[in-house]
Amino acid sequence: MEISTNGTTQNHHKVIVIGSGPAGLTAALYSGRANLDPIIFEGSQPGGQLTITTEVENYPGFEHGIQGPELMDIMRKQAHRFGAKSIYRNITKVDFSSRPHKITDEENNEYTTDTVIISTGASAKWIGLESEQTYMGYGVSSCATCDGFFFRGMKVVVVGGGDTAMEEANYLTRHASEVFLIHRREEFRASKIMLDRAKANPKIKFILNTVVEEILGKTEDNKKSVTGARIKNVITGEVSEIECAGFFTAIGHEPNSKIFNGILDMNEYGYLITKKSTTETNVEGVFACGDVQDDYYRQAVTAAGTGCMSAIDAERYLEKIEFEETSKANDQ
Ligand code: NAP
């Protein structure tokens with residue numbers, strides 16, 4: 001992985017991209033090709049959510065599909081080819097109250113920039129059980145691709161009724177002996193094709209109208225492990241236990257927008273609000289793209305599309321302020 005760390009204090013840039021999924025890397029590619037020398041803050045998960053996926057079958061241009069991490073690697077290299085530079089740090093603070101905008105990274109380096117493109121994405125949601133935290137990394141996971149291998153020949157649980165749950169359950173059948181898909185109601189948010197595929201998989205057993213009350217486990221030789229889950233049928237009220245070694249939460253995502261609280265407009269779930277048909281936020285020179293502003297489509301290709309829009313919006317904004325400054329200078 002190419003690493004460049006030119007994050008000295010008080011660097012000024014024309015474009016800073018925060019986040020490195022398909023949206024951020026596409027924004028960097030476009031602003032790189034526009035000679036704007038973008039800097040990408042890649043954050044704690046360089047490449048974003050696609051780096052924890054396996055096969056991506058629906059990204060145009062790859063007739064036979066491509067592995068998520070490989071796709072992100074190609075996108076990064078393509079952006080770097082046009083002068084974009086990656087800094088592998090998180091942004092911890094932003095100040096958009098005056099121009100140029102200021103941002104600070106986790107090592108307290110400060111950067112100023114004319115435009116900011118926010119593409120911080122979204123993260124997996126958790127059910128919120130104490131036992132989920134207790135066994136996190138010891139049998140509890142939100143990423144089948146990352147952890148499925150550990151459960152070869154064992155029983156696992158997947159919680160959720162959306163496309164993510166179907167995808168995770170299907171993937172896990174490659175390793176697990178049996179996959180219990182637990183969903184709190186009878187209807188699914190999953191698309192028909194994904195649901196049908198999961199239903200047709202003989203290793204997946206659907207447990208509907210059911211919630212997880214607790215994840216069960218044990219500690220032996222100082223090592224924690226999951227042994228099962230206590231579940232409750234929400235219609236009959238019946239409580240039972242199910243045996244499993246792995247527990248995968250697949251109940252959706254939340255936007256990574258906390259550092260913009262009180263600074264940028266967001267909806268009740270924390271998704272950044274952009275103006276209709278653009279990627280402009282409520283602050284001039286600050287643009288948002290990808291999953292952090294999209295709670296509806298949430299696809300790699302739509303994220304990349306809005307990343308492209310952000311770069312074009314930023315470029316036009318830079319042209320506008322340059323024109324205004326030149327006109328002002330000429331008037332004096
Ligand atoms: P989602 O569509 O929002 O589904 C979340 C599921 O989790 C719902 O069934 C929900 O139940 C359940 N849930 C939420 N909170 C819960 C809780 N506290 N306890 C138990 N269950 C809970 O999220 P997603 O599946 O992550 O999908 C998000 C988007 O990504 C979708 O647009 C999807 O199409 C897309 N996606 C696409 C692919 C693909 O095409 N390859 C793969 C993955 C995701 P309720 O239905 O009862 O609310």
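Both ligands and their constituent atoms are indexed starting at 1 by order of listing.
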Residue pairs, two or more places apart or on separate chains, that pass side chain to side chain donor-acceptor pair (under 3.5 Å) and touch residues 119-129:
Ser123-Asn256
Just to verify, what does Tyr271 make a side chain to side chain contact (heavy atoms under 4.5 Å, CB included) with, not counting sequence neighbours?
Pro255, Asn267, Tyr269, Asp295, Arg298
So if I apply the side-chain contact (heavy atoms from CB on, under 4.5 Å) rule between Phe260 and each of Val94, Val286, Thr281, Val283, which one comes out positive?
Val94
Note: Glu213-Arg230 ion pair, threshold 4.0 Å (strictly below):
yes
Other ILVMFWY residues reachable from Val211 by side-chain steps of under 4.5 Å
Val234, Ile235
Hey, are Arg89 and Glu107 close enough for a salt bridge, meaning a charged N less than 4.0 Å from a carboxylate O?
yes
What does the contact table look like for ligand 1 (nitrogen or oxygen on each side, cut-off under 3.5 Å)?
residue	atom	partner	partner atom	Å
ligand 1	9 (O)	Gly161	N	3.0
ligand 1	11 (O)	Arg184	NE	3.3
ligand 1	25 (O)	Asp163	N	3.2
ligand 1	25 (O)	Thr164	N	2.9
ligand 1	25 (O)	Thr164	OG1	3.1
ligand 1	26 (O)	Thr164	OG1	2.5
ligand 1	34 (O)	Asp163	OD2	2.5
ligand 1	41 (N)	Glu167	OE2	3.0
ligand 1	46 (O)	Arg185	NE	3.1
ligand 1	46 (O)	Arg185	NH2	2.8
ligand 1	46 (O)	Arg189	NE	2.9
ligand 1	47 (O)	Arg184	NE	3.0
ligand 1	47 (O)	Arg185	NE	2.7
ligand 1	48 (O)	Arg184	NH2	3.0
ligand 1	48 (O)	Arg189	NE	3.1
ligand 1	48 (O)	Arg189	NH2	2.7

